There are 2 protein chains.
Amino acid sequence: MEDKNRYRRMLKKENLRNTSHRQSILEALEASEEPVSAETLYLTLREKGISISISTVYRALDVLVEKDIVAKTDFTDNNKSLFEIKREEHRHHLVCVKCRKIIPVKECPFYEYAGELEERFGFSITGHKLEMYGYCQKCGGSPGKTGD
Amino acid sequence: MEDKNRYRRMLKKENLRNTSHRQSILEALEASEEPVSAETLYLTLREKGISISISTVYRALDVLVEKDIVAKTDFTDNNKSLFEIKREEHRHHLVCVKCRKIIPVKECPFYEYAGELEERFGFSITGHKLEMYGYCQKCGGSPGKTGD
DNA sequence: CTCCTTAATGCGACTGATTCGCATTTGCAT
DNA sequence: ATGCAAATGCGAATCAGTCGCATTAAGGAG
């Protein structure tokens with residue numbers, strides 16, 4: 001499994017021990033197309049037969065976020081934080097306000113805009129998040145209020 | 001005070017009673033250039049000598065969000081939700097990852113991009129949030145890691 | 001202006017996500 | 001193989017946010 005070695009290198013580079021739990025967490029995050037909550041991640045791992053505690057999941061996510069390996073999304077699911085592994089290209093999301101489906105989008109048209117803002121505000125932009133809300137194809141027909 | 005009447009009308013229109021607490025909350029939100037947490041709002045009001053309980057603040061914010069008078073931002077401050085009054089034009093934000101300063105930005109270049117995505121994913125976009133992270137002028141000199 | 005209905009509020013208990021302390025285990029450098 | 005610091009598990013603790021219920025007050029009717 002070459003991913004295992006990739007993770008080992010990533011962790012090593014950040015002076016983090018290469019534990020089996022961290023490997024599993026990274027694997028699970030990599031496998032997920034959408035951001036997941038700590039709890040979902042925990043349950044996924046348990047289902048795979050991995051014995052891990054929820055606090056370990058939280059702690060691993062914390063340290064991975066700190067080391068910039070994982071991103072904590074800025075939209076939440078029912079007050080639960082969501083996490084996703086940082087991939088080559090960063091992603092944005094279309095979030096369905098009705099069924100909560102999340103569609104990742106790879107394109108990002110912001111660099112130009114960002115540059116302009118940096119000049120105007122003397123602000124050095126290091127990252128950004130863009131989330132779009134609305135109704136997915138399935139829910140599109142009846143845009144009744146459902147939160148935002 | 002004409003704002004008072006404006007608020008009264010807004011509340012009435014939504015079948016909400018025009019209570020002094022709601023007036024104070026709307027005033028405080030209007031006065032704030034940045035999104036604030038329920039707790040900050042609560043403390044602000046107490047400082048002004050207004051006797052109010054934290055649950056009233058939460059309940060008022062909830063109902064105002066539901067009625068689309070107030071927006072709950074999708075980025076949080078230390079796990080605390082932030083709220084801002086909806087103004088004419090929606091806003092984006094530059095968030096300093098070091099000092100946590102938030103600069104509102106009025107421009108929004110996304111309509112075109114949004115249209116393209118809608119077509120591609122059959123998704124009906126009703127809103128979006130864009131937050132940019134980096135270092136403000138004051139903190140710009142030393143971009144040491146501080147979160148994202 | 002007073003009365004009445006019911007929404008709004010205060011207070012304290014409660015919930016649910018996340019964090020923390022501490023004893024135990026495990027990675028990994030030597 | 002050994003030792004030590006980092007990582008983990010478990011349960012307790014914390015903290016934002018919610019809820020139940022008794023009390024207060026908005027605002028329409030008379």
Side-chain angles (χ1 to χ4, degrees), chain A residues 4-5 7-26 28 35-46 49-67 69-70 72-83 100 147-148, chain B residues 4-5 7-26 28 35-46 49-67 69-70 72-83 147:
Chain A
K4 263 204 164 91
N5 285 317
Y7 297 147
R8 188 204 315 288
R9 267 180 271 121
M10 293 170 75
L11 294 169
K12 178 127 197 176
K13 188 172 152 209
E14 301 292 348
N15 278 317
L16 297 177
R17 287 192 181 167
N18 173 249
T19 68
S20 64
H21 285 155
R22 283 176 184 162
Q23 287 273 347
S24 312
I25 286 172
L26 288 169
V36 292
S37 68
E39 193 193 1
T40 302
L41 185 50
Y42 169 73
L43 294 174
T44 304
L45 296 174
R46 302 292 292 200
I50 294 164
S51 162
I52 189 173
S53 89
I54 187 76
S55 25
T56 299
V57 174
Y58 275 111
R59 277 191 280 228
L61 288 172
D62 273 0
V63 73
L64 292 171
V65 166
E66 192 186 327
K67 298 302 188 179
I69 294 170
V70 165
K72 187 171 182 174
T73 72
D74 286 311
F75 55 95
T76 57
D77 178 31
N78 237 98
N79 286 328
K80 271 176 279 197
S81 299
L82 299 178
F83 301 84
R100 285 282 145 194
D148 183 42
Chain B
K4 264 206 165 90
N5 286 316
Y7 298 145
R8 187 201 318 284
R9 267 180 273 119
M10 294 170 75
L11 293 170
K12 178 128 199 178
K13 187 174 152 207
E14 301 292 347
N15 278 317
L16 297 176
R17 286 190 182 169
N18 174 249
T19 69
S20 64
H21 285 155
R22 284 176 182 159
Q23 287 275 345
S24 311
I25 286 171
L26 288 168
V36 292
S37 67
E39 193 193 0
T40 303
L41 185 51
Y42 169 73
L43 294 174
T44 304
L45 295 174
R46 302 291 292 199
I50 294 165
S51 162
I52 190 173
S53 90
I54 188 75
S55 25
T56 299
V57 174
Y58 276 111
R59 278 192 279 229
L61 288 172
D62 274 358
V63 73
L64 292 171
V65 166
E66 190 186 330
K67 298 302 189 182
I69 294 170
V70 166
K72 186 171 182 173
T73 72
D74 286 313
F75 55 96
T76 57
D77 178 31
N78 238 99
N79 288 328
K80 271 176 278 196
S81 299
L82 300 178
F83 301 84

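Every chain is numbered from 1, with letters handed out A, B, ... down the list of sequences. Source: prediction; values computed, not measured.
Remark: Arg8(A) engages Asn5(A), Asn18(A) in a side-chain hydrogen bond (donor to acceptor under 3.5 Å, both in side chains) (not counting sequence neighbours). With sequence neighbours left out, Asp62(A) forms a side chain to side chain contact (heavy atoms under 4.5 Å, CB included) with no residue at all. Listed by chain and residue number, Ser53(B) satisfy the side-chain hydrogen bond (donor to acceptor under 3.5 Å, both in side chains) test with Ser55(B) (two or more places apart in sequence, or in another chain). Taking Ser37(A) as the reference, Glu39(A), Thr40(A), Lys80(A), Leu82(A) meet the side chain to side chain contact (heavy atoms under 4.5 Å, CB included) condition, with sequence neighbours excluded. Partners of Tyr42(B) by side-chain hydrogen bond (donor to acceptor under 3.5 Å, both in side chains), not counting sequence neighbours: none found. When the side chain to side chain contact (heavy atoms under 4.5 Å, CB included) test is applied to Tyr58(A), the partners found at least two apart in sequence or on another chain are Ala38(A), Ile54(A). Partners of Ser20(A) according to the side chain to side chain contact (heavy atoms under 4.5 Å, CB included) rule, which considers only residues two or more places apart in sequence or in another chain, do not exist here.
Pairing each heavy atom of Leu11(A) with each of Leu64(A), the nearest pair is CD2-CD2, 4.0 Å. Closest non-hydrogen pair, Lys72(B) versus Ser81(B), comes out as CE-OG, 3.4 Å. Between Leu26(A) and Tyr7(A), the closest heavy-atom pair is O-OH, 3.6 Å.
Look at CZ on Arg8(A): it is 18 Å from P on dT26(C), rounded to the nearest Å. Between the C1' atom of dT19(C) and the CD atom of Glu66(A) lies a distance of 15 Å, rounded to the nearest Å. If you take CG of Leu64(B) and P of dA8(C), they are 10 Å apart, rounded to a whole angstrom. Between the CG atom of Leu61(A) and the C1' atom of dT19(C) there is a distance of 13 Å, rounded to whole Å. Between the P atom of dA13(C) and the CD1 atom of Ile54(B) lies a distance of 17 Å, rounded to the nearest Å. In this structure, the CG atom of Leu41(A) is 15 Å from the C1' atom of dA17(C), given to the nearest Å.
An end-to-end axis angle of 40° holds for the helix from dC1(C)-dG30(D) to dT30(C)-dA1(D), taken from five base pairs per end and rounded to 10°.
Of the candidate nucleotides dG9(D), dT9(C), dG10(C), dG10(C) has the atom lying nearest to any side-chain atom of Ser53(B).
Of the possible polar contacts, one joining the Arg22(A) side chain to the Arg17(A) backbone as a donor-acceptor pair under 3.5 Å is found. A donor-acceptor distance shorter than 3.5 angstrom exists from the side chain of Arg46(A) to the backbone of Ile52(A), with no hydrogens or angles considered. In terms of modelled atom types and a separation under 3.5 Å, the side chain of His21(B) and the main chain of Ile50(B) share no donor-acceptor contact.
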Return the polar atom pairs (N/O with N/O) between nucleotides 20-23 of chain D and the protein under 3.5 Å, or none.
from: dG20(D); atom 1: O6; to: Arg59(B); atom 2: NH1; distance (Å): 3.4

Give every pair of a protein N or O atom and an N or O atom of nucleotides 13-17 of chain D that lie under 3.5 Å apart, one pair per line with the distance.
from: dG17(D); atom 1: OP1; to: Ser81(B); atom 2: N; distance (Å): 2.9
from: dG17(D); atom 1: OP1; to: Ser81(B); atom 2: OG; distance (Å): 2.9
from: dG17(D); atom 1: OP2; to: Tyr58(B); atom 2: OH; distance (Å): 2.5
from: dG17(D); atom 1: O5'; to: Tyr58(B); atom 2: OH; distance (Å): 3.4

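Near DNA chain C, defined here as any heavy-atom distance below 4.0 Å, the residues from residues 9-21 of chain B are Leu16(B), Arg17(B), Thr19(B), His21(B), listed numerically.
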